[in-house]
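So you know, we letter chains A, B, ... as the sequences are listed, proteins then strands, and number each from 1. Because the structure is predicted, anything quoted here is derived from the model rather than measured.
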There are 2 protein chains.
Amino acid sequence: MALGANDQFDVVIIGAGPAGLMAGVWLAQTGVKTLIVEEKLRRTLTGHADGLESRTLEILNSFGLGEPIWMESNRTVDVCLWVQNSLEGGLQRKSVSPNHNPGWSRFQEATLCQGRIEKHLLNFVKRRGNVKIEWATVPTSLDISNRETETPGFYPIGVRIKSSNLGADEQMEGKHERMIKAKYLIGCDGAHSWVRKRLGLASQADQTPDGHWGVIDCIPLTNFPDIRKRCIIKSDGGNLMIIPRERKLVRFYIQISPIVATSFKANNCLSTLIRVLKDISQPYTFDTCHIEWSTIYTVGQRLCNTYSVKNRIFLAGDAVHTHSPKAGQGMNVSIQDTYNLGWKLSSVLMDVATPEILRTYQAERLPVAEKLIAFDRRICSEICSKTRATISDCTSDEFAGLRSTLSEENTRASGLGVIYGSGLLVTSTDNEDPIRCRDRMHHCCPHSKPHLARNIIVGKRLSSQPVLCQSDSRPWHLQDRLVSTGQWHLIIFSADITNIIQKARVERLTETLSHPESLINRIGLPGGSPVGSVVTYMIHSAPRKEVEFMDLAPILRPFDHETGYDYSRVFADNKANEEVCGCAYQDYGIGPEGCMVLVRPDQHVAFIGALEDTDALYAFLTRRVRLDWWQVRVSVETCNRL
Amino acid sequence: MALGANDQFDVVIIGAGPAGLMAGVWLAQTGVKTLIVEEKLRRTLTGHADGLESRTLEILNSFGLGEPIWMESNRTVDVCLWVQNSLEGGLQRKSVSPNHNPGWSRFQEATLCQGRIEKHLLNFVKRRGNVKIEWATVPTSLDISNRETETPGFYPIGVRIKSSNLGADEQMEGKHERMIKAKYLIGCDGAHSWVRKRLGLASQADQTPDGHWGVIDCIPLTNFPDIRKRCIIKSDGGNLMIIPRERKLVRFYIQISPIVATSFKANNCLSTLIRVLKDISQPYTFDTCHIEWSTIYTVGQRLCNTYSVKNRIFLAGDAVHTHSPKAGQGMNVSIQDTYNLGWKLSSVLMDVATPEILRTYQAERLPVAEKLIAFDRRICSEICSKTRATISDCTSDEFAGLRSTLSEENTRASGLGVIYGSGLLVTSTDNEDPIRCRDRMHHCCPHSKPHLARNIIVGKRLSSQPVLCQSDSRPWHLQDRLVSTGQWHLIIFSADITNIIQKARVERLTETLSHPESLINRIGLPGGSPVGSVVTYMIHSAPRKEVEFMDLAPILRPFDHETGYDYSRVFADNKANEEVCGCAYQDYGIGPEGCMVLVRPDQHVAFIGALEDTDALYAFLTRRVRLDWWQVRVSVETCNRL
C-alpha cells in the first residue's frame, strides 16, 4: 500500500504524558509535522505526578506557560520534620525549614496535578496546526530501515498503529491497523515502555530499601497543624510524607507493610491505607469526604543506559528512568529530557544543524538520570530510616542529613543544578590545553573563558536577572527574553560603554557582527524561521540615561521596513524606579571588561568569551551546523575572518 | 402588553464601554439579572482611550483580570520632556523622570487599547450567565413610575428599546420596539448621553485653553530616540505628546491650528496631520506604514452635577464628565465610577443594605470628577504653554511645574489618591466630637481612630502589602485576598500575639466575633452569597513559627464539613525566605497595640478601631443594613452587646 502525505510525519511520539507533550510543544512551536500516539482515551485527570521543580517552571515559562501554571499551583514554601515522641507516644514537630534555597530561581517548588500540566501543554500544542494527537491508539510494530537512516529526506521508520479501543474480533482481524512513516521517533511511553522493549533494551533494576508505599490524594479534615506544609513524619507505625496541593487537596505518601500492600492490591482496600494514615497521625485526627485518587507502589529504581538507537529513535522520561516519587522529580526530569531533545530535532529537520548533535541527547541526559537515581536512593533511605532520637534528646539533630538532602533536592539535584558536559553544543572550559581540546572537525575545539563571568557556568542554564530595557526602562527578567523558539541567544555584556576604551571594544565587536557577510547574519534559515539563528542582545552597565539607543550598532536595533526598529534587544543593569534591579553584573560575576555569552535554545550556556573572541564563537557555531549545507554559503575561513 | 420575566431586569445598563462593562462585571460577579444595551454592532476595536492608571489595574486585578491586562500592556516607566532649541532650531531632551511615584501601588501606569480592555471585561461578563448584552440596540423612551420607586420588589423603570440596525421603513413603523422593565438603570452612554438628555440634565461646559488636537495611533518608523517613552515635546510649530503602546504602536497627540482642524473634519485629511507631526519632530525623521486609528478633537471640559435621579437611575463615565485625554484618566475615572456603584446596587438588590447607600454614589464620585476637571485644566495649560527657555538657558527649570503635575497625575490626581468622605459607608474621623457626629439613625455616628494606623486613610483604598499566609508561608499581596465579591473585609491587625497582654486582647475580640449570635456571623445573606457579609482576617506580627494555627479562634479558621478548615485568613507580617515581605505594620503605621480595619467591598477603608471597638464597628455595620430586614433578626442593642 502506498503511503500518502497523511501517513508521513517528521516525528512520531509514542505517549502523551508530560515527556511526550513537552516534545510536542517544541515541535509545535517550531512548525515540525508531528504525530503523537497515546494509548489512553484522554489526558490524565487525577493523581500521578504532582511536583514541579523551579527549573520545570522556568522551562514552561519559556513557552509562555509558566505564569498560569505558577498561579494555579500550590507552593510548598516550608518543609517540616515531625517525629514520634517515644516517651509520650504523640508526634512532635522537630523543625520547619525553607523548602527552597534563595537565589537559585525566581520560581520555587510547587505542586499541581499532572493532569492540569498536561492540559496546559495540550492547549499549547492544539493552538498550532502541525501536531496531531491520536488518542486510544497503540503501536503494534516498529521497524527502521538501515539504508535510509543516512539520507535526510527519507522516512526510515515504519510504525504500525491501531486503535486500542476496538473489540476483540476487530483486533483479531488486524483491521484498522495503519502504517505510519517517520523520520524520527520518540518513545515516551512510560515505565513499561513498548518502544524500549521493542528495541530490545533492558532497564536495569536496583534493590531499594524502603519497600511499599500507599498514596492518597484527598481533602483532609484534620487538626494536624502543618497540613498545608510539606511534612515528613517519622513514627514507629511507619513513615508519612505530606504534600499539600491545589484546591485544598493534600497528597499523603504512607509507608505500609508488605501485607497491607498485598491486601490493597487484592481488594483495592483503601480503608486499610486510611487506617495506617490515622495511626501514624495520632494524636491528631484525620478524616475525609473527598478522596480524588489513590494507589500503592513498590519503589523500583530502574535505568536504561541506551537513550537512542541509530540516532533516529529516542527514549525519554519513565521509559528510561524510574525511581521513587519522594523527591518529586519524576515529571520534571521527564519534561527536561524532551526539552533537551525537541529543539535539536527541529534544528536537524530544518537543516540548520548536523544530525550529529542528536548524539548529545544521551550524552547530556543519561548522567542526569544516573545522578537522580543515586540521589533518590539517598533520600529514600533517609526518609525511611528509623529515628534514634527521643523528645528528651532535644540537642541531637539527627535530621541534619535529611535536611541537607532536601535542600539539595531543590538545587544541585534538580534541573537548576544540571551542567551539560562539553561537546558539539557546549564549549570546553579547559584552558587552551591543546591535548584535551582535540576535535574531529577542527584542529582545536573552541573553548570558553569562564573567569570572565565567574558565576555563569558553561553547560548550565543561565540564571535569570532583572534588567531594564534601554528603550523604555521597563524591567524584564532576562529569562523572559530567552524564549524557546529554536533561536540561539548571544548576549554581549558590554559593561560600561560610556568608558571610551570599553566603547571602542564593543564597537569593534558589533561592527564585526553587523557585517552583512558575518556568520551570525548568515546562519539559520533564510525563510525567517528562528530555528538555528542567533539573536544578539546587549546588557550594559552604564547609566541608562547616558546611552543613546540610536548610537548603538545596527545589529542591536535591527530595522524592519514595516515595523521600524527592534527596541527589545538592549538592556541596562541599572537600579529601577521601584523594582529590584541592577545586580546582574555582580550576580553573574562579570567585571568591567565584560564578556560575550552564547546561550542555547534551551537556555543552557554554550560559550563564554571575551569581546574579541569572535573567532572562537564562530568556530563553535560552525561545528553544530550541517557542514554540507553550510559550505555552499560560507567557508569556515571566511567566517573566522569576519 | 404584559411583560414576561424575559423583559424584566434588576439592572439595565445603557452603553457597553468601559463604564458600562465594569458595572456589568460587578453585577455578573454578584449574580444580578442585568441587561446591557449598546448602540454599536460590537466592541471597540481600535483607538479611543488607552491609559491605565495603577488604581484601575488594582480594580481589574480584584476580579482576576489584572495580570493578563498588565502582561499585555505597555508600561510607560519614564516621561521625557523635549523642547525646541530656539538657537539651532532642533529638539533637545530637557529631562527624563519616572512616570510614577514609588510606593503607591505595585502596578504602574500602563497603556493598552480600550478595545482590549473591553474584550477582557466582556469575557468576564460572558462567563457568567446572568448578564445579557444586546448589541446594535438603542433606547427610545425612558419612564420612571413615582409610585413604585419606594417599593423594593417593583420595576419602576420602563425603557423602550429597538434595534439601531434597521432600515428606515422598519423604523418608521416602530416595529421591533420592545418594552423593558428595570429596578435600576445606569446610563453609561458617553459624552452625548441619551439617558442624561432624557432626564433633562445639563452638562456644564468650560472654556479651555488648548484648542484643537489631532490623534494618530500608528507604528512609527523614526529615529527619534525616546519613541518608546512617554514624551512631551514643546516646539514653536506646536506641542506634541507621545504615548508608546502595545504591539509597537505609538499614540501621538498633535496640537493643531483651527484651520487644520476644520480641514481635517471636512476632508478627513490625515496627511495634514502627519505633516504637522513631521514638522514638530524635526530634525528627527518620521514615517509609518501602519496607521491604526486617527481622529481630531477640541478639548471640552464638561461636568454634570447630578449623578442620580430618584436613587434609581444613575449616570457614569463620560455621561457625567468629559475632559481632555492629556492625563490619560478618562477610561479610568469611568471604570472607577461604576466600580463604586456596582456593589452598592448588588447589596441593595439582595436586601443586605438600605437603598440609602446608593446616595453615596454621587456623594463619593462627583468630587472626584470635579477634582479631575480642575487637574485637567492645569495639565492642559502646562502642556500647551509656550516655553520661554532656550537651550543656552540651561539652569532654568521651567518644566518643574509640569513635572510636578505629571507626578501628581499618578498619585493624588489618580484613583490612588481618592478619599471618600464620611457617611453611611465611611466612618468619621472626627475625634468623638458629639456635635459633628450626629446621625439620623443613631445618637452618635461611629467614628474611626486614625492614629492606630497612621498611614491608612479612612475613605481611601487600602494599599497592598505582601504578607505570609500563616498556614503555608506563601507570600500574598494583601490586595489579592481582598477580591471583589461584594463581601466586606475585617482585618484584625493583632500585632505580636506571643505577647501575653496582646494575646488576651485579641482573644477577647475574636471570642466576641466568633459568638454564633455575633452581628458579624448574622449579617449578610443566609443563602451563602458573599454579598454584604463580613469576612474576618488576621495579620499578626509575631514570628510565624511561634504561632499555632489551631490555637486561633474559630472565626479565623472556619470549618466546613466537606472541605475542612479555611487556611486562607491568617497572615504573618514576617520576612519571607526570598520575597520582600515583613513591612506591613511599618508601612501601615500600626503600632504594637494593633487595630481593626474594616474594608469595603471596593477596597476602601470604612473604619479603623481599637481591638476593643466592636461597639463602634457594629454600630457602623448596622447603619448600612436595611433596617426593616435587619430588625427581624437582631436588634441593634443585642449586637452592640455582643
Check: Relative to chain B, which segment of A:Lys248 carries a heavy atom at a distance below 4.5 Å: side chain, backbone, both, or neither?
Finding: side chain
Note to self: Under 4.5 Å from any heavy atom of chain A, what part of B:Pro98 do you find: side chain, backbone, both or neither?
What the structure shows: both
Note to self: Would you compute the distance between atom CE of A:Met550 and atom OG1 of B:Thr222 and round it to the nearest 0.5 angstrom?
What the structure shows: 8.0 Å
Item checked: With B:Ser414 via side chain to side chain contact (heavy atoms under 4.5 Å, CB included) - residues at least two apart -> B:Glu53, B:Gln329, B:Leu416
Margin query: To the nearest 0.5 Å, what is the distance between CG on A:Asp472 and CG on B:Asn99?
Written below: 12.0 Å
Checklist line | Most chain B-contacting option - heavy-atom pairs closer than 4.5 Å, from A:Glu562, A:Arg75, A:Glu548 | finding: A:Arg75
Checklist line | Closest-packed option against chain B by number of heavy-atom pairs under 4.5 Å, given A:Arg557, A:His290, A:Arg93 | finding: A:Arg93
Checklist line | Nearest-0.5 Å distance that lies between atom OH in B:Tyr565 and atom CG in A:Asn223 | finding: 6.0 Å
Next item on the list: Find the one option among A:Pro68, A:Ser568, A:Ser473 whose heavy-atom pairs under 4.5 Å with chain B are most numerous.
Entry: A:Ser473
Next item on the list: Go through the atoms of A:Asp551 and report whether side chain, backbone, both or neither lie under 4.5 Å from a heavy atom of chain B.
Entry: neither
Next item on the list: Not counting sequence neighbours, which residues clear ring-ring contact (aromatic ring centres under 6.0 Å, His included) with B:Phe549? List them please.
Entry: B:Tyr567
Notebook entry, point to check: Got a second to check how far B:Thr563's OG1 is from A:Arg247's CZ, nearest 0.5 Å?
Noted result: 13.0 Å
Checklist line | pair B:Asp78-A:Arg544: side-chain heavy atoms closer than 4.5 Å | finding: yes
Margin query: Treating B:Lys545 as the side-chain partner and A:Ser97 as the backbone partner, does any N or O pair qualify as donor plus acceptor under 3.5 Å?
Written below: no
Margin query: Counting only non-hydrogen atoms closer than 4.5 Å, does A:Pro220 touch chain B with its backbone (N, CA, C, O), its side chain (CB onward), both, or neither?
Written below: backbone
Margin query: Quick check on B:Asp560 against chain A: is it the side chain, the backbone, both or neither that has a heavy atom closer than 4.5 Å?
Written below: backbone
Next item on the list: Name the region of A:Ile227, side chain, backbone, both or neither, that has any atom closer than 4.5 Å to a heavy atom of chain B.
Entry: side chain
